[in-house]
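Each chain gets a letter, A, B and so on, in the order the sequences are listed, and its residues count up from 1. Side chains included, hydrogens not; waters and symmetry mates left out as well; all remaining heavy atoms used. What you see is a predicted model, and the numbers here were worked out from it, not measured in a lab.
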There are 4 protein chains.
Amino acid sequence: MLVFAEKGVDASVIDDVISTAGVSRGTFYKYFKSNRDLMVAANEELGRELLTLVLNRVSGLDDPAERLALGVRLFIETALAFPLFARFTRSAGMASVGPRSLLLDYLPGHIQDGIEQGRFFDLPQEVSLDLISGGVLFYIARSSESSVDPEHGRHVVAALLRSLGLSDAEAWRLADREVAPMELPENSLLRRSSLRYRPQGDSGEDAQ
Amino acid sequence: MLVFAEKGVDASVIDDVISTAGVSRGTFYKYFKSNRDLMVAANEELGRELLTLVLNRVSGLDDPAERLALGVRLFIETALAFPLFARFTRSAGMASVGPRSLLLDYLPGHIQDGIEQGRFFDLPQEVSLDLISGGVLFYIARSSESSVDPEHGRHVVAALLRSLGLSDAEAWRLADREVAPMELPENSLLRRSSLRYRPQGDSGEDAQ
Amino acid sequence: MLVFAEKGVDASVIDDVISTAGVSRGTFYKYFKSNRDLMVAANEELGRELLTLVLNRVSGLDDPAERLALGVRLFIETALAFPLFARFTRSAGMASVGPRSLLLDYLPGHIQDGIEQGRFFDLPQEVSLDLISGGVLFYIARSSESSVDPEHGRHVVAALLRSLGLSDAEAWRLADREVAPMELPENSLLRRSSLRYRPQGDSGEDAQ
Amino acid sequence: MLVFAEKGVDASVIDDVISTAGVSRGTFYKYFKSNRDLMVAANEELGRELLTLVLNRVSGLDDPAERLALGVRLFIETALAFPLFARFTRSAGMASVGPRSLLLDYLPGHIQDGIEQGRFFDLPQEVSLDLISGGVLFYIARSSESSVDPEHGRHVVAALLRSLGLSDAEAWRLADREVAPMELPENSLLRRSSLRYRPQGDSGEDAQ
DNA sequence: AATGAATGAGCCTTCATTCAT
DNA sequence: GATGAATGAAGGCTCATTCAT
């Protein structure tokens, strides 16, 4: 994560990876077939971690709109709390929201529920996903380039809820809730790597 | 554009560029300092082209919401009509919506007008931009990976308008208009390059 | 001369040459077959210039030791007075004292005379040339790297005369004379180019 | 050494170096950052080798003039005995006598001693160095271009001693001694590379 | 199981030289 | 006679990958 966040996913690496990991070339190849392999693995591991936590927090809620709102808020707040995560997400670019990603696992169910319960308009599923993924990713990416107003996360969520069909009042009611920060498990990948993270100046050069 | 669309911006090229362009190595370096230089130039040229056309179509309209709606629709429809454009946009990834991009030049004015005229909620400007840029980019990117229902462009626009504060009815009124396709000038970069474009199977490997 | 002095003879050039000369690529090739061609031409022209002047100054003297001493002093003093010349000489390296060079044209006759008149020991001609060329070149080269004590030119000449067989007293008598600076003709290559010369920091990188 | 001697230091190589060394491109860059890097390293290694041997031979002598004479003779004789060394030295040009070179490490001490003991005139140190370095380098360079009379090495040494202040008789007494050839250690860089050296015709093209 | 030296394909970049205008 | 766009050979350098130890 440290390397991908800093260099971008496509800027060559392996040497950086192994030196950052304190591991030999040979060892790297014992565990990963290629660089992208590692990136995919890291992405999946990270996704699994976050998804589990989000689902824990969300599973008790009846209202799909509330589940969706809270989930997206948690995602955004985690990105703000862990710049490494925001940076990694930006580097992974649209791949981070690709087929095997957290958001795409998490969202469709809640959206579908919302439509069935009449809380959301009957938008085509893909369109909803594009809007949410795109909006969230851009907001997070921006947060890793310049500092963003942390309150704006609520605006993002409210706007997304409105686009799905909620009234402004309703949208704000859900978006405005206080949200306790995620509690990462002791050995969490994100927690461990964030400990070593020292953000570098952003050249913007290799950004996606 | 042909090369960037096919290979992705970061899968290095130059050799492909010059053979596609039918130009020698030395000539390339006479005009561009690096590969990324070329990409930036192409992106800017393309942006200039489209922006000009969009502004022509939009400048007569009084309602900022209408201007925004039409502009975004035109952008989306152009991407669907010119797969090369969609593909290029996906390859350029978030860079295509970066600081010097079409959308960021086009949008802020209209959004601001809309807020001042009371048509839009008073969202933070950046949040609006994130939502629109992100949503549109994701929709276009998806259109270049698999085929999308061309009607969904209207859904995207309607949803964005709702998120900005329009009622559903109002949003649909604007999003549902018929839109005449863009008429690219004879010597347009996009038109000329599209003539040579034969979409390739998408490996997904290097996709952003 | 400006370019060769600055970049060194082997560091690639032509582009620098033509831009310094304010001349087009094509024009360059009309007059010179290659870069080295130009360098040889410049070296010859410069040599001719200096040789003419030295011979004028020296031809009236009967004593071959005196002729040699004055000639070498003039060469050295010119190098100190025209840093461009010193720099160029250093860049040309041993080539500047190569087969077609000033010194090799100038010296042998006087040395031979000196031997025949019993002023010099009967050293092998080549050995004398090595000592004089080598010593002078190194002194000049050093002067273009760091500043040297201008008085040391006399020491060089005195030492060379001693090595050829003169007594220390005799050597100093000849080496210590005041020497009027060379008067370069109006259109002299060296004078004209020196006008434009602004010494750059010496990296020492490409130095010979 | 083989490559530098043959091609000259500035006629770029790497490809020649690695094919001569029977080593891959990557391996080259594992050990040296650039071509010049390698050249510097070779020069230093060679210098270290010779300096060690010379010091061994010279350290027992009380008379600094004798030490200097023997050292220079050894240097010259080694160059004549190992044409590769002569050729390499010529190619390295003035760099071979540059700041980190053998001669500059070796000479100053003895010269200083000589002055203090009244054997040498009180020449400025740099001037002595210029004369000795320049004279010796030129003699060696010439030996690698055409064949030189091996006896002339003595003339060079005698002349240098005279220039430093010794009488002709004294100079010859020291310069004329028989000198046993240097005994290079088994694994000496110079010895090993000389084994593979087959001198090529000298085009003179790239000569320094 | 870990190591890291070695490999070489792949790409980038420069620059001498040509030649149509 | 002068120009400068175009060329492409020549070399530089990096980095993913292999493999003997």
Working to the nearest 0.5 angstrom, can you tell me the gap between C/S194 OG and C/F85 CZ?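 Here the rounded value is 10.0 Å.
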
To the closest 0.5 Å, what do you measure between CZ (C/F32) and CD1 (C/I14)? 11.0 Å

Given atom [atom1] of [X] and atom [atom2] of [N], what is their separation to the nearest angstrom?
| X | N | atom1 | atom2 | answer |
| --- | --- | --- | --- | --- |
| C/D10 | E/dC15 | CG | P | 13 Å |
| B/R36 | E/dC11 | CZ | P | 17 Å |
| D/D15 | F/dC13 | CG | P | 12 Å |
| D/K30 | E/dT3 | NZ | P | 15 Å |
| A/I18 | E/dA5 | CD1 | C1' | 12 Å |

How would you label the contact of B/F32 with the nucleic acid (heavy atoms, under 4.0 Å): base, sugar-phosphate, or nothing? nothing

By nearest atom, which of the nucleotides F/dG4, F/dA5, F/dG1 is closest to the C/S24 side chain?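 Within the option list, the nearest is F/dG4.
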
C/G22 vs D/T27, nearer the 5' end of DNA chain F by closest nucleotide: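 Per heavy-atom nearest nucleotide, the more 5' residue is C/G22.
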
List every contact pair, protein side and nucleotides 17-21 of chain F side both N or O, where the distance is under 3.5 Å.
unit_1 : atom_1 : unit_2 : atom_2 : d
F/dT17 : OP2    : A/Y29  : OH     : 3.3
F/dT17 : O4     : A/R25  : NE     : 2.5

Which residues satisfy the salt bridge (charged side-chain N to carboxylate O under 4.0 Å, His left out) test with D/R192, sequence neighbours excluded? none

Below 4.5 Å, heavy atoms only, C-beta onward: do D/L190 and D/M1 meet side chain to side chain? yes

So what stems show up for DNA chain F if we need 3 or more Watson-Crick or G-U pairs in a row, all under 3.5 Å?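 So the stems come out as E:2-21 with F:2-21.
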
Apply the test side chain to side chain contact (heavy atoms under 4.5 Å, CB included) to residues D/L38 and D/F28: give CA-CA distance (whole Å), side-chain angles for both, the deciding distance (0.1 Å), then the verdict. CA-CA 9 Å; D/L38 171 64; D/F28 175 89; 3.7 Å; yes

Is the backbone of D/E145 close enough, under 3.5 Å, to the side chain of D/R90 for a donor and an acceptor to pair up by distance?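 Side chain of D/R90 to backbone of D/E145: no pair is present.
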
